[in-house]
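Keep in mind that the numbers below use all heavy atoms, side chains included, and drop hydrogens, waters and symmetry copies.
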Amino acid sequence: MNSVNVRSLLVRGMLAGLGAGMLALIVAYLLGEPRVDAAIAYEDAHAAGAPEMEIVSRSLQSTAGLATGVLVYGVSLGGIAALAYCFALGRIGRFSPRATAALLSGVALVAVYVVPFLKYPANPPSVGDPETIGKRTTLYFLMMALSVLLAVAAVIVGKRLAPRLGNWYATVVAVLGFAVAVGLAYAFLPAINEVPEDFSATLLWQFRLAALAIQLTLWTSFGLLFGHLAERLLNPKPATAAAATRETTPETAASAH
């Protein structure tokens with residue numbers, strides 16, 4: 001992997017992240033924003049006194065603000081994932097560039113989002129004590145860091161066991177080890193439940209499913225887009241062969257014979 005390829009993959013990763021962010025933005029607007037509005041309505045109905053003046057209007061938050069946040073997140077994610085891809089390519093097995101991108105996206109979705117989400121799921125506005133936001137944020141990022149480190153360790157263990165156990169059994173052992181380690185982290189890290197008793201359970205789970213759908217859309221579309229771009233950059237043989245076939249005219253073929 002030379003510097004030219006790394007730079008080219010970084011650019012393609014950011015472009016794929018931008019495209020994935022656009023798709024995730026659509027999901028966020030259609031599925032997430034209505035639940036946010038419902039949660040804000042609940043908060044306003046239970047607020048003591050007059051509601052606070054908005055510094056930024058809700059309409060601006062749900063349009064330009066949402067678009068800016070999701071797209072910047074997508075581009076940043078794409079750049080970081082592209083650098084991780086450069087390191088992983090050829091080191092995690094004999095996978096094609098497209099398959100490596102799909103595998104990396106799937107592992108990242110699980111390690112970066114799903115595992116922390118199952119311990120500390122996303123909550124809509126009006127859920128959570130403002131005084132504990134620092135503690136909740138710290139615990140969430142701690143769970144994310146543990147999940148990523150455990151995922152990396154599982155990949156390393158799987159590779160080292162592969163010569164003795166074979167790829168299938170080495171993968172099974174690595175996945176089981178990852179699951180056990182995550183389970184221990186779940187058990188030892190404190191649980192947080194600050195959902196008001198009269199808050200709608202339906203709204204809560206609709207919001208959490210919407211948050212999960214956004215991340216699923218983002219990582220899946222990134223893996224597909226980036227895999228396509230990386231395959232064209234790193235393995236251009238099919239295109240070259242097709243061009244050579246088109247250049248071979250009946251006259252040149254006849255002269256060759």
Decide whether [X] and [Y] are clustered together by the hydrophobic rule: side chain heavy atoms of Ile, Leu, Val, Met, Phe, Trp, Tyr closer than 4.5 Å, transitively.
X: Val70; Y: Leu218; answer: no
X: Leu233; Y: Leu15; answer: no
X: Leu142; Y: Ile133; answer: no

Donor-acceptor contact below 3.5 Å, side chain [X] vs main chain [Y]:
X: Thr68; Y: Ala64; value: yes
X: Thr132; Y: Lys135; value: no
X: Arg35; Y: Leu31; value: yes
X: Tyr85; Y: Gly227; value: no
X: Lys119; Y: Ala185; value: no
X: Arg98; Y: His228; value: no

Hey, what do you get for [atom1] ([X]) to [atom2] ([Y]), rounding to the nearest 0.5 Å?
X: Leu18; Y: Phe222; atom1: CG; atom2: CZ; answer: 11.5 Å
X: Tyr120; Y: Met144; atom1: OH; atom2: CE; answer: 12.5 Å
X: Tyr113; Y: Leu216; atom1: OH; atom2: CG; answer: 10.5 Å
X: Leu104; Y: Leu109; atom1: CG; atom2: CG; answer: 11.0 Å
X: Leu9; Y: Phe226; atom1: CG; atom2: CZ; answer: 5.0 Å
X: Leu83; Y: Phe87; atom1: CG; atom2: CZ; answer: 12.0 Å

(message) Atom CD of residue position Glu131 - does it have more than 12 heavy atoms of other residues, nucleotides or ligands inside 6.0 Å?
(response) no
(request) Answer yes or no: are there more than 12 heavy-atom neighbours, outside Tyr140 itself, under 6.0 Å from its atom OH? (result) yes
